[in-house]
Asker: 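I have a structure I would like to understand better, so I am pasting it below and will then ask my questions one at a time.
Numbers restart at 1 for each chain; the letters A, B, ... are given by sequence-line order, proteins then strands.
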There are 2 protein chains.
Amino acid sequence: MADVAALAGVSHQTVSRVLNDRPNVRPATRERVLAAVRELDYRPNAAARMLVTRRSQTLGVISFDSTLYGPAQMLHGIEQAARGAGYFVSIASLRHQDVRSVREAVDRLRDQAVEGIAVIASQTSTVAALARHIGAVPMVTVGATAPGRLPGAGVDNNVGAEAAVRHLLDLGHATVHHVAGPGDWLEANAREQGWRTALEARSRPVPDSLAGDWSSRSGYEAGLRLRHDPSVTAIFCANDHMALGVLRALHEIGRRVPEDVSVVGFDDIPEAAFLSPPLTTVRQDFGELGRRGLGLLVHHVEVSAPGRGRTTVDHRQTAIVAPELVLRASSGRPPGR
Amino acid sequence: MADVAALAGVSHQTVSRVLNDRPNVRPATRERVLAAVRELDYRPNAAARMLVTRRSQTLGVISFDSTLYGPAQMLHGIEQAARGAGYFVSIASLRHQDVRSVREAVDRLRDQAVEGIAVIASQTSTVAALARHIGAVPMVTVGATAPGRLPGAGVDNNVGAEAAVRHLLDLGHATVHHVAGPGDWLEANAREQGWRTALEARSRPVPDSLAGDWSSRSGYEAGLRLRHDPSVTAIFCANDHMALGVLRALHEIGRRVPEDVSVVGFDDIPEAAFLSPPLTTVRQDFGELGRRGLGLLVHHVEVSAPGRGRTTVDHRQTAIVAPELVLRASSGRPPGR
DNA sequence: CTGTTAGCGCTTTCAG
DNA sequence: CTGAAAGCGCTAACAG
């Protein structure tokens, strides 16, 4: 910076003012400084600035190892929004969502002086692990909301599941079976809940749900278990990957979709429209979720930054994005109707 | 830090020594300091440390918006490896891989004082955009190698494609058609090249390849174009998503897989085994790619850090990971054999 | 409108 | 083995 000042024939300070877009610099002076900056390809030292302003301009994201489509999209949405708001983003991706890993990730991020943290993972245990840091650093969840604990942006999984189930019942199915996600995931619980609610609202029998783990394999295995139950005519899967596995299993055991069995997924991954048959599913806009969640986080950061005190968590700060049912060929009337 | 020193009854300095695991601290003293650190939940100020050591402990990753499976896995591998090596990772994800976006991303990362950059994107134009920064900051490519320009870790796409094509020829197919990736992607070029090489090595006719863009939709559209060409008995797709679309198109136009047409993909996404039929494909280990690439980057960073001079790019620093052909039900003998 | 002065919290260097 | 002094590059507060 001293070099730039010397080259432009001004002080230390004026350079700083120009670089930070402060007023009170004559246009001509500003121009001279800018020219010197370009000439020298000068880059301000982020550490020095951070030291004195006490702001890192960095937000942390906790993600996890995943073959899932959603998290990658949410991360992208978060990054876009963060850049737009003038923040860098630093990631911590977990292999396992156990309490210890989550805590280590938060510690790592805090050591790096992030000003806020967005958490994409959404197991109930993950959220619990976050508890000790609440108030120490602004945090939001993205993808699923943890009611009453942390602010965040999530899709209304309940509503999405209900729409899927109602669609199947409207087609004439007597009831709908469910391939659920892992029991400790917020999304999985909400979708199972929505499925159950929709069934009960119409006084339909509620079959046992089949347990999956989000993977195609688990959907496939759940599908095979239906081999000896000819009464099944409609299946709502908690995500598209499992639906894909179910489709495969049904094909193997000789059940046609949708003639014999209807299948509905959740997510609307880009491949859903090109499965055989194209999959009816519930679309969620992951990018939007990421952007909304980050917006909330930035708000918290900027509200709590000046005071430097402990952050007040406003539980009402939750953005719920509505999902949308996408009709395709995998759902139809039950046999004989 | 002053607080910790006071509480432990030592100087400023000794606390620093303990925190940095320097020798010459009596165990008892060390213990006292550590106790004070815990007591106060003290976290060293990253900015202050960075300012004086001139090291940010941060590496940047340039990724891009993607529904693709690979990049997410590579990013995860990179993050794991970076953490293991003691670095934070900051991301810049692009919406478009144009020259301008790439340059902005590099600038952003450099402003943040990253010590090195790993680039996941792999269009030829992306690599070209990087050129101006070569030497200014250590960089590696991950996923595809840019021969002679930057070090990096990549899969041997040529060899993988050749294996796929040879497999189909060995089954008795007269030739193999190809659904290619976008023309300006290094991976797409290498896979097309491998396909061509394998065909020519056995003096087989080389049909025009069909252009895709990695998406299922583009595979589907390419598949439909085969409607009026009954001579096609084998198709090698440059990735699994396009293969999935091709599978759907063949189903629609009444061609059975593998009885009428064999299909082979590339990547081995987790869903590949659960498509109908399960997809024969070329597996690449994306996580390993990320780890290897990051290893290279760390090496560069640590070699060039002390000297503080311009980095010498060693073009030989390239890790090639071998892909593996995974046989499943989508490939078989041609009709009539 | 511009320059001067005083730290931010740490590590490094040099004394004890 | 431990402490004291110096300074990393920047911004904030105050003078001019």
Asker: Send over the distance from A:His12 NE2 to C:dG7 P, rounded to a whole Å.
Answerer: 16 Å

Asker: Tell me whether the side-chain N/O atoms of A:Tyr42 come closer than 4.0 Å to OP1 or OP2 in D:dG9.
Answerer: no

Asker: Would you mind reading off the distance between B:Arg54 atom CZ and D:dG7 atom P, rounded to a whole angstrom?
Answerer: 14 Å

Asker: In whole Å, what is the span from the CG atom of A:Asp3 to the C1' atom of D:dC8?
Answerer: 15 Å

Asker: What's the closest nucleotide to the A:Arg17 side chain, out of D:dA13, C:dC10, D:dC10?
Answerer: D:dA13

Asker: Could you pull out the closest heavy-atom pair between A:Gly143 and A:Met74, with the gap in Å?
Answerer: CA-SD, 3.7 Å

Asker: Ignoring the backbone of A:Asn20, work out which of D:dT2, D:dT11, C:dT2 is nearest its side chain.
Answerer: D:dT11

Asker: Once rounded to the nearest 0.5 Å, what's the spacing between atom CG of B:Leu109 and atom CD1 of B:Ile117?
Answerer: 4.5 Å

Asker: Distance check needed: D:dC10 C1' versus A:Arg43 CZ, whole Å only.
Answerer: 17 Å

Asker: Output the rounded distance in Å from CE (B:Met50) to C1' (C:dT12).
Answerer: 18 Å

Asker: Can you confirm whether the side chains of B:Gln80 and B:Arg291 place a donor and an acceptor under 3.5 Å from each other?
Answerer: no

Asker: What nucleotide among C:dT11, C:dT2, D:dC10 has an atom nearest to a side-chain atom of A:Thr29?
Answerer: C:dT2

Asker: Look at B:Arg49 and C:dT11 and indicate whether a side-chain polar atom (N or O) is within less than 4.0 Å of OP1 or OP2.
Answerer: yes

Asker: Describe the nucleic acid contact of A:Arg22 in one word from base, sugar-phosphate, nothing, applying a heavy-atom distance below 4.0 Å.
Answerer: sugar-phosphate

Asker: Let's see if you can work this out: which of D:dC10, C:dC10, C:dT11 has an atom nearest to the side-chain heavy atoms of B:Thr53?
Answerer: C:dT11

Asker: D:dT2, D:dT11, D:dG9: which one has an atom nearest the side-chain heavy atoms of A:Leu51?
Answerer: D:dG9

Asker: Go nucleotide by nucleotide along DNA chain D from the 5' end; which of B:Arg32 and A:Ala47 gets its closest nucleotide reached first?
Answerer: B:Arg32

Asker: Could you tell me how far apart A:Arg30 (CZ) and C:dC1 (C1') are, to the nearest whole angstrom?
Answerer: 11 Å

Asker: Any chance the side chains of B:His76 and A:Ser93 put a donor and an acceptor closer than 3.5 Å?
Answerer: yes

Asker: State, to 0.1 Å, how close B:Ala105 and B:Ala92 come at their nearest heavy-atom pair, and which atoms those are.
Answerer: CB-CB, 4.0 Å

Asker: For B:Arg55 and C:dC10, what is the distance between atoms CZ and C1' respectively, to the nearest whole Å?
Answerer: 16 Å

Asker: Can you tell me if B:Ser16 touches the phosphate of C:dT11, counting only side-chain N or O atoms and a distance under 4.0 Å to OP1 or OP2?
Answerer: yes

Asker: CG of A:Asn45 versus P of D:dT11: gap in Å, rounded?
Answerer: 9 Å

Asker: Check this for me: does the side-chain of B:Gln13 come within 3.5 Å of the base of C:dT12 through a donor and an acceptor?
Answerer: yes

Asker: Report the nucleotide, chosen from D:dC10, C:dT2, D:dG3, that has the shortest atom-to-atom distance to any side-chain atom of B:Thr14.
Answerer: D:dG3

